[in-house]
Amino acid sequence: MIENLLLSLESLRANKMRSFLTMLGIIIGISSVIAVISVGNAMTSSVTNQFAEFGINNVSIGMQMRAEEISGEFSAAAAKVPKDSDRISNEQIDAMLSRFPEIETLSLSEDAGRGKAKLARKYSNVSISGVNAGYAKANKVKMAEGRYVSDTDIKGTRNVIVVSDRTADALYGSNKAAIGNNMIIYTDKAIKQFTIIGVYQYAQPSGMGAMASDKDLETSSYIPVSTAKKDSQYKGFTSLTVVPRTGTDLTVFTDKISVYLSKMYEKNKEWESYAYNMKSELESTNSMMKTLSLAVAAVAGIALIVGGIGVMNIMLVSVTERTHEIGVRKALGAKDAHIRTQFVAEAVFLSVTGGLIGITLGLILGFIGSKLMGAEFVLSPYIIVGTVLFSMFIGIFFGYYPANKAAKLNPIDALRYE
Amino acid sequence: MIEIRNVVKRYFAGTPNEITVLDGIDLHIASGEFVAIVGQSGSGKSTLMNIIGALDQPSSGEYELGGTPIQRMNRDELAQIRNRKIGFVFQSFNLIPRNSALKNVELPMVYAGVKPAERSRRAKELLAMMGMDERMDHQPNELSGGQKQRVAIARALANNPDIILADEPTGALDSKTGNLVMEIFLRIHREEKKTILFITHSTELAELCPRVVTVKDGRIVSDKAGSNRGGTLS
């Protein structure tokens, strides 16, 4: 076997240009397969991470305009704002909590505008959300200093605020220094004042570069939901996030809550409820990506087959060229198997070398591609081992026919061939 | 050693182009003989050699090599016979290009499954015997005709075969080098006790062999002792 490999090496060395061109087909095929798969993997993992930031196990519920309303009269429908009676009320939320023991906590959030927090000449852009204690859990808010909005804050409709470490740093120099200060926020409509009770760690969303300059970056700040509602004409909510207890079957739970909400909105002509979870969203996105990757990989696979045919072609040429040599080898006592192994080894060597170069090239392309898309590059050993085995298979598959043709030559005919 | 009885070789049998190349050859060669097979080109001597060398099969007749009938063997068994029992020396040397002299001599031993260390030792020994030990790392295209033929003879001896089949081994060499090669064959015959079949179209060279078989139109027309009974070139 080793003998045959060395033999095949010699003949390949003698035809460097030809060997390289033959390998090129395999190189292109393998590198495109590897590049596509690694970029696909990188994207999948990046999407998974993004979903995880939203909280993959959460169920989003809420209300939206009925489809027939939207399609009916667009302009009129678009302008419609849900009346308080259409919204999900606090009583309904309490009812839901007692109805579903699977719910660990609920996350409420009410938009309370955006503005500039100012201190002397220093400023920081903030958006204000009225939240409950469950919001931190549902959205994985990590505290850096102080505490988060509590139930007591909500009951007391306190003027307290939790700001990002960016804001704290911009205005007060450190997280610790920020606590206890009265922060003034200038919004479009009013000037609001809150006492800072906590600082959370701002996490930059992955997959997106810094969009605003660091200084002007707008970060969220959180106030008790009751405080936010104080200024609002509506007491109910249009959407909320449910955090189920760990171990809950998400699909079943989402279905149950969906049916429950549908009943609630059965008689409402303009509005309907919705309920979905990120996990199924993620799964469908992932399966879509997989299908896409597979489709592109299939095209690359065709390139690989073309490469394999190239190997076969060159092997046939090589066999014809070396017919006389094959005759000499047979006269010296080579059995059919010796000749066959020699040529198969040559084909395998061609395709595996091409495969290895292709893997290197493909990984480089995949790395660059992943970086360009802002996704993390994932190196999969399975793909590399799989590709090496596959290129070996191509060599054997496309090399066997020419090799067998060489092996089956009649010694005397081969020897006479000039 | 070699028993040939009524061997016929026809090409295109049963068609209007039918050619009878060998037409009932009977030949007996004992172990250790040095036989020249002489004849014009087209006489059938090469076909006879190919059949003796198990490269080709007779259309009819019997051929026994060392008591074993050849015509009932399969491809692998024939390869084994060529590998172990017969050493070929060709007019055009037929060294494998891009392989060193050493590698060429090792090749029949590779096919015989001899271990690398033993193979290399034996190949070096044979090349030294041929006076080629200084050039064993040279490739065929770096060797002169006479040197190539000496490598080829070393290769033919690699698996210590019973028979050396030499097909016009001096045909591509000038007369001085040719004589040198001839000398080597005579020495192998004398010292190694090999059966040697020497195929040539030159009656002059044939006369240097102890026994001369003349082939014409596919038949043996004469089988007599050569003038060189002593087995040396003067």
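Residue numbers start from 1 in every chain, and the chains themselves are labelled A, B, ... in the order their sequence lines are given, proteins ahead of strands. Not measured: the values here are computed from a predicted model.
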Sub-4.5 Å side-chain heavy-atom contact between B/Asn94 and A/His324: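 They are in contact (side-chain heavy atoms under 4.5 Å apart), so the answer is yes.
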Side-chain heavy atoms of B/Arg155 within contact of A/Val328, under 4.5 Å: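 Sidechains of A/Val328 and B/Arg155: in contact.
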How long is the straight-line distance from [atom2] of [Y] back to [atom1] of [X], given to the nearest 0.5 Å?
X        : Y        : atom1 : atom2 : value
B/Tyr111 : A/Lys330 : OH    : NZ    : 10.0 Å
A/Asp413 : B/Asp56  : CG    : CG    : 7.5 Å
A/Leu332 : B/Ile86  : CG    : CD1   : 11.5 Å
B/Leu107 : A/Arg329 : CG    : CZ    : 5.0 Å

Got a sec: does the [atom1] of [X] have more than 12 other heavy atoms crowding it under 6.0 Å?
X       : atom1 : answer
B/Asp26 : CG    : yes
B/Arg98 : CZ    : yes
B/Lys85 : NZ    : no

Using heavy-atom distances under 4.5 Å, tell me whether B/Arg84 contacts chain A through its side chain, its backbone, both, or neither.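 Neither part; nothing is under 4.5 Å.
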Residues of residues 125-143 of chain B under 4.5 Å from chain A (heavy atom pairs)?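 Within residues 125-143 of chain B, no residue comes under 4.5 Å of chain A, counting heavy atoms only.
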If a pair satisfies salt bridge (charged side-chain N to carboxylate O under 4.0 Å, His left out) and one of its residues is in residues 63-80 of chain B, list it, with sequence neighbours excluded.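 The answer is A/Asp336-B/Arg75, B/Arg5-B/Glu64.
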Chain B neighbours within residues 386-411 of chain A, where any heavy atom lies under 4.5 Å away: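 Within residues 386-411 of chain A, the residues that come under 4.5 Å of chain B (heavy atoms only) are A/Ala407, A/Lys408, A/Leu409, A/Asn410, A/Pro411.
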Side-chain atoms of residues 287-309 of chain A: list all donor-acceptor pairs with protein atoms under 3.5 Å, sequence neighbours left out, distances to 0.1 Å.
{"from": "A/Ser287", "atom 1": "OG", "to": "A/Ser284", "atom 2": "O", "distance (Å)": "3.2"}
{"from": "A/Thr291", "atom 1": "OG1", "to": "A/Ser287", "atom 2": "O", "distance (Å)": "2.6"}
{"from": "A/Ser293", "atom 1": "OG", "to": "A/Met289", "atom 2": "O", "distance (Å)": "3.2"}

Find the one option among A/Gly327, A/Ala414, A/Ala331 whose heavy-atom pairs under 4.5 Å with chain B are most numerous.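 Option with the top pair count is A/Ala331.
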Exercise: identify the closest heavy-atom pair between A/Ala334 and B/Ala79: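 Residues A/Ala334 and B/Ala79, closest heavy atoms: O-CB, 3.7 Å.
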